[in-house]
*Asks:* 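The structure that follows is given in the form of structure tokens.
The chains referred to below are lettered A, B, ... by the order of the sequence lines, with proteins before strands, and numbering in each begins at 1.
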Amino acid sequence: FSSSSYQTSSDGKPGKFQPPPKPVIIDKQRQTEERRFLSPEFIPPRGRTDPLKFYMERKDMIQRRRVFNIPEFYVGSILAVTTADPYAREKTSRFVGICIQRGGKGLGATFVLRNVIEDQGVEICYELYSPRIQAIELLKLEKRLDDNLMYLRDALPEYSTFDVNMKPVSHLDHEEVPVNKLQVRMKPKPWSKRWERPKYNIKGIKFELPEKKMKEAQKWSQPWLEFDMLREYDTSKIEEKIWKEVNEGLKK
Amino acid sequence: SVTGACRAIQKLTRVRVVDNSALGNTPYHRPPKCIHVYNKTGVGKVGDKILLAIKGEKKKALIVGHKMPGPTMTPRFDSNNVVLIEDNGNPIGTRIKTPIPYILRRREGEFSKVLAIARNFV
């Protein structure tokens with residue numbers, strides 16, 4: 001009960017009418033929080049560069065996002081990207097593929113899409129903020145067990161084939177992102193990288209190697225790395241600040 | 001054991017012929033290999049002409065895709081693809097099923113016949 005609601009003027013007469021505050025309805029049934037997603041390229045890398053540089057880049061990124069919608073997607077989701085191409089017939093080219101890697105920070109953020117067309121594996125690395133990109137459609141939103149699906153190059157081609165004309169699968173906004181726990185079967189060795197080694201920490205492959213090879217691969221494990229305090233980079237506070245900044249920028 | 005497929009195309013890389021010519025598709029006990037790249041540097045990228053040794057004969061070919069990552073927004077293929085060509089630029093095959101990058105259209109004058117027989121573009 002605040003006394004600021006009525007202004008008592010110096011001579012005791014009632015002050016200007018203040019309307020009562022609006023009632024806040026808290027719906028206890030729908031208490032689920034909206035899913036917060038901050039694109040990983042907003043988080044600045046750990047280093048000694050001036051935060052002003054990242055602030056200026058973020059301003060430009062928010063400006064681009066206001067004009068062009070970049071949907072929320074993870075590694076493992078299927079996207080369709082249309083780019084402007086001066087050498088294409090209709091000046092635009094469309095490519096559908098699964099996102100296998102998201103790299104880069106700031107305006108140079110990239111993502112690699114992979115698909116197998118006519119038995120030929122094709123990968124294209126797109127820049128998220130490139131003005132040549134005309135549309136990014138999210139066909140299927142899902143996560144996989146790993147952050148980096150480069151092992152799909154050595155997996156059987158059926159795991160990388162996606163229909164070019166597939167219809168977008170509807171996903172709900174407030175639910176959690178579905179995790180596809182698919183274990184992929186690989187082509188026979190040799191692979192481009194030794195994916196069984198613990199340094200890659202891959203959970204999405206069904207290793208059909210003999211036990212001896214798996215044990216031998218564990219020789220290269222570095223169990224002290226997860227306890228190394230100098231490698232820690234706690235991004236929770238930075239994320240909070242950047243989340244607020246990005247939200248305010250997008251709402252304007 | 002054999003070395004993994006080379007990334008860009010230079011001398012002695014094994015390539016994959018993607019058109020439907022008889023020379024490229026008949027099996028032979030040795031894979032087609034590059035023996036010369038017509039380039040200032042010896043490294044062949046998309047759109048460069050190379051000399052191929054197939055079935056004991058020398059044939060010119062055009063590179064249509066390689067394993068090496070190129071500039072962003074350009075496709076990167078899982079195998080080094082090549083289309084057999086004559087000296088004047090006429091392709092030997094009649095159809096190319098595998099996807100071809102749009103970048104080749106830049107030199108429409110030289111490769112018009114190859115682009116005409118291509119089916120898919122990436």
*Asks:* Quick one: sort the F95(A) and Y126(A) rings into parallel, tilted or perpendicular, breaks at 30° and 60°.
*Replies:* tilted
*Asks:* Does the side chain of T94(B) come within less than 4.5 Å of N20(B)'s, by heavy atoms?
*Replies:* yes
*Asks:* I'd like to check the side chain to side chain donor-acceptor pair (under 3.5 Å) partners of K55(B); sequence neighbours left out, ordered by chain and number.
*Replies:* T26(B)
*Asks:* Just to verify, what does R94(A) make a salt bridge (Lys or Arg N to Asp or Glu O under 4.0 Å) with, not counting sequence neighbours?
*Replies:* E137(A)
*Asks:* Measuring heavy-atom distances to chain A, does T72(B) have an atom under 4.5 Å in its side chain, in its backbone, in both, or in neither?
*Replies:* both
*Asks:* Pick from P75(B), G70(B), G65(B): which one has the most heavy-atom pairs with chain A under 4.5 Å?
*Replies:* P75(B)
*Asks:* Using a cut-off of under 4.5 Å on heavy-atom pairs, state which of P99(B), P71(B), P101(B), P69(B) scores highest against chain A.
*Replies:* P99(B)
*Asks:* Salt-bridge test for D50(A) and R48(A): reply yes if a basic N is under 4.0 Å from a carboxylate O, no otherwise.
*Replies:* no
*Asks:* At a heavy-atom separation under 4.5 Å, does F121(B) approach chain A through its side chain, its backbone, both, or neither?
*Replies:* neither
*Asks:* Measure R16(B) against the heavy atoms of chain A and call it side chain, backbone, both or neither at under 4.5 Å.
*Replies:* side chain
